[in-house]
2 protein chains.
Amino acid sequence: MNDCTSKEKKFSDVVIPRILNYLKIVQQLEKNNKTNILSEEISRMTNTSAVLVRKDLANFGKFGQPGTGYDVSRLKNYLLDIIGGKEMSNLAVVGVGNLGSALLNYKGFEEEGLKFVAAFDKQEGKIGKICGNVIVEHIDNIGESIKRNNVHIGIIAVPSDVAQAVAGTLVESGVYSILNFSHVALSVPPEVTLRNVDLAIELKALRYFSVNR
Amino acid sequence: MNDCTSKEKKFSDVVIPRILNYLKIVQQLEKNNKTNILSEEISRMTNTSAVLVRKDLANFGKFGQPGTGYDVSRLKNYLLDIIGGKEMSNLAVVGVGNLGSALLNYKGFEEEGLKFVAAFDKQEGKIGKICGNVIVEHIDNIGESIKRNNVHIGIIAVPSDVAQAVAGTLVESGVYSILNFSHVALSVPPEVTLRNVDLAIELKALRYFSVNR
DNA sequence: GCGTGTGAAGGGTTTCACAGCA
DNA sequence: TGCTGTGAAACCCTTCACACGC
């Protein structure tokens, strides 16, 4: 097989972030007009063993050149196919504090297929303000706004004590993909895909691995 | 064995975040004056199977009561021992944009053993301002300030194009634990523990798992 | 009886060693 | 010769089934 045959294949939670890292790197290389890359180089840039890089990539079909390496733009396109990064995803942020603002103002999401289409807060002073490319709406508008803007992914960037309520509202409004930045364990129905980014846990994990090495 | 014997034991990258989640939950429960918890409940709150919860906990010695469950405050203390969460870690943030400010202003890190002691930016308007509990210093002060403040962990919250340079400065200044929020692959010497939180990758992973379920 | 603790089985992931191709 | 691709082995992680203790 010489084509990308693995669109049906499901990849695990270990593999996907790794592949997304490979993608990040080849996109970077393409911008710098590099046309070829070795598994050895990808390995160094991602802290992944070179064999594992090759194994991962070989999963999708063989598009490496023995003795030469991988063609950067070809690799990029295959990875995008697999990851589904070619269509735009519409994002909504709930909570326009510092974290919410950081997300909304981040340049570069859009060229990665991620687009903010709505933002919500309950603080009157923030409603109607422009943040990034969107106008902040009142949190009571979530239901209506999410349908109007065809939101795919909801991002929870509110204080912990209201995070669960916001999650409920998002789900009711039909958002089945949630990224949770709050420091509480959310409970959502099984059909919802939930991913947590807990900054305290990241810091503590880092601390653990610095000490225990 | 009935004691916590596993201080020497090293846990993997899969296990540690899970344990930190257990800890988060028992800390929460303790605040709510709950004194006892079943593996079944921890399971529901963390999306981890109950057997796995018991296996994880049994790693540290048996402190569950068959037929009854776990004593919350005893469990908390053991987990803190294992994770090393009893000493305070000093943190420094480089880049006081929205993300840096979000971190500096987050209430609750301190009671988790994480304390911000320094913040840096290169934008003149920000220098000298108070953010959270620290005064923002110029980025040129990193070397001196890090020694003065005994920084353990450096957090990179600057734009991608300067992230590598900042990483270099941190390492030169003696910071060997780095949490990187920028969207580039940093290269650091092997003695440095580096952990990456890439928001674009989190969003893309979430998208992948929403579609492929 | 109920819930924890644990050896054994099962499944998945990573490494090893080497085959194959430019 | 150099680098990719791949079966086999090793390793780790998770689940299963059940023993044990309150």
Side-chain angles (χ1 to χ4, degrees), chain A residues 1-6 9-22 25-26 29 34-72 74-75 78-79 82 205 209 212, chain B residues 1-6 9-22 25-26 29 34-72 74-75 78-79 82 205 209 212:
Chain A
M1 65 174 184
N2 197 12
D3 241 339
C4 176
T5 54
S6 17
K9 203 171 167 185
K10 305 280 179 293
F11 298 100
S12 81
D13 208 0
V14 211
V15 181
I16 288 297
R18 225 158 48 206
I19 293 178
L20 288 168
N21 268 308
Y22 304 155
I25 279 165
V26 293
L29 290 171
K34 203 161 184 297
T35 57
N36 195 75
I37 179 95
L38 305 181
S39 65
E40 186 58 46
E41 302 176 74
I42 302 183
S43 163
R44 270 199 308 278
M45 298 176 80
T46 55
N47 291 315
T48 313
S49 79
V51 200
L52 189 47
V53 171
R54 293 200 298 275
K55 261 263 153 78
D56 281 340
L57 297 183
N59 268 326
F60 315 134
K62 26 182 142 181
F63 39 82
Q65 292 277 322
T68 311
Y70 299 86
D71 181 275
V72 168
R74 200 153 147 255
L75 186 50
Y78 274 118
L79 292 179
I82 292 144
F209 291 117
N212 303 79
Chain B
M1 65 173 187
N2 197 11
D3 240 340
C4 177
T5 53
S6 16
K9 204 171 166 185
K10 306 277 179 294
F11 298 99
S12 81
D13 207 0
V14 210
V15 181
I16 289 297
R18 225 158 48 207
I19 293 177
L20 289 168
N21 268 307
Y22 304 154
I25 279 166
V26 294
L29 291 171
K34 204 163 185 293
T35 58
N36 196 74
I37 179 97
L38 305 182
S39 65
E40 186 60 46
E41 303 176 74
I42 302 183
S43 162
R44 269 199 309 277
M45 299 176 78
T46 54
N47 290 314
T48 313
S49 80
V51 201
L52 189 47
V53 172
R54 293 201 297 276
K55 260 264 154 77
D56 282 340
L57 298 182
N59 268 325
F60 316 134
K62 27 182 139 181
F63 38 84
Q65 292 278 321
T68 311
Y70 299 86
D71 181 274
V72 168
R74 197 152 151 257
L75 185 51
Y78 273 118
L79 293 179
I82 292 144
F209 291 116
N212 303 80

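Below, chains carry the letters A, B, ... as their sequence lines are ordered, and counting in each starts from 1. Keep in mind that what you see is a predicted model, and the values were worked out from it rather than measured. Scope of the values below: all heavy atoms of this structure, side chains included, with no hydrogens, waters or symmetry mates.
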Just N and O in the side chain of B:Thr68: are any of them under 4.0 Å from OP1 or OP2 of C:dG3? no
The reported gap from CG in B:Leu57 to CD1 in B:Ile19 (rounded to nearest 0.5 angstrom) is 8.0 Å
Exam field: side chain B:Ser43 to backbone B:Glu41, donor-acceptor pair closer than 3.5 Å | no
Note: B:Asn212 and A:Lys10 closest approach over all heavy atoms is CB-CD, 3.6 Å
Contact under 4.0 Å: B:Tyr70 side-chain N or O vs C:dG5 OP1/OP2: yes
* To do: Give a yes or no on whether the ring-centroid distance for A:Phe60 and A:Phe11 is below 6.0 angstrom.
  => yes
Distance col, row A:Thr48:OG1 vs A:Asp56:CG, nearest 0.5 angstrom, shows 7.5 Å
| message | Please tell me if A:Lys62 has a side-chain N or O lying less than 4.0 Å from either OP1 or OP2 of C:dC21. | response | no
note: A:Leu75, atom CG; D:dT4, atom C1'; distance rounded to Å ~ 13 Å
message: If the cut-off is 4.0 Å, is A:Ser49 near the phosphate of C:dT15, judged by side-chain N/O to OP1 or OP2?
response: yes
CZ (A:Arg18) and OG (A:Ser12) are apart, to the nearest 0.5 Å, by 7.5 Å
From CG of B:Asn36 across to C1' of C:dC2 the rounded distance in Å is 13 Å
Taking five pairs at each terminus, the helix from C:dG1-D:dC22 to C:dA22-D:dT1 shows an axis bend, to 10°, of 10°
- Within-4.5 Å side-chain heavy-atom neighbours: B:Leu75 and B:Asp71: no
To the nearest angstrom, the CG-C1' distance between A:Asp56 and C:dT14 comes to 10 Å
Review point. Is it true that the side chains of B:Asn36 and B:Tyr70 contain a donor and an acceptor less than 3.5 Å apart?
Key: no
Considering only nitrogen or oxygen atoms on both sides, find all protein atoms under 3.5 Å from nucleotides 7-12 of chain D and state each distance.
residue, atom, partner, partner atom, Å
D:dG7, O6, A:Lys55, NZ, 2.8

Requested in this report: Pick base, sugar-phosphate or nothing for B:Gly64, based on heavy-atom distances below 4.0 Å to the nucleic acid.
Outcome: sugar-phosphate
To the nearest angstrom, the CG-P distance between B:Leu57 and D:dT14 comes to 14 Å
Residue pair A:Gln65/A:Val15 against DNA chain C: nearer the 5' end by closest nucleotide is A:Val15
note: A:Phe63, atom CZ; C:dC21, atom P; distance rounded to Å ~ 19 Å
Whole-Å distance, A:Asp13 CG to C:dT14 P, equals 12 Å
B:Ile42 atom CD1 is separated from C:dG3 atom P, nearest whole Å, by 14 Å
Which of C:dT4, C:dT14, D:dT4 is nearest the side chain of B:Ser39? It is C:dT4
Note: for A:Leu52 and B:Leu38 on DNA chain C, the residue whose nearest nucleotide lies more 5' is B:Leu38
Rounded to whole Å, CD of B:Glu40 lies from P of C:dC2 at a distance of 13 Å
Only one of A:Val53, A:Asn47, A:Leu52 passes side-chain contact (heavy atoms from CB on, under 4.5 Å) with A:Ser49, and that residue is A:Leu52
### Task
Answer yes or no: does a side-chain N or O of A:Arg54 lie under 4.0 Å from OP1 or OP2 of C:dA19?
no
Between A:Tyr78 and A:Phe63, what is the ring plane arrangement, given parallel below 30°, perpendicular above 60°, and tilted in between? parallel
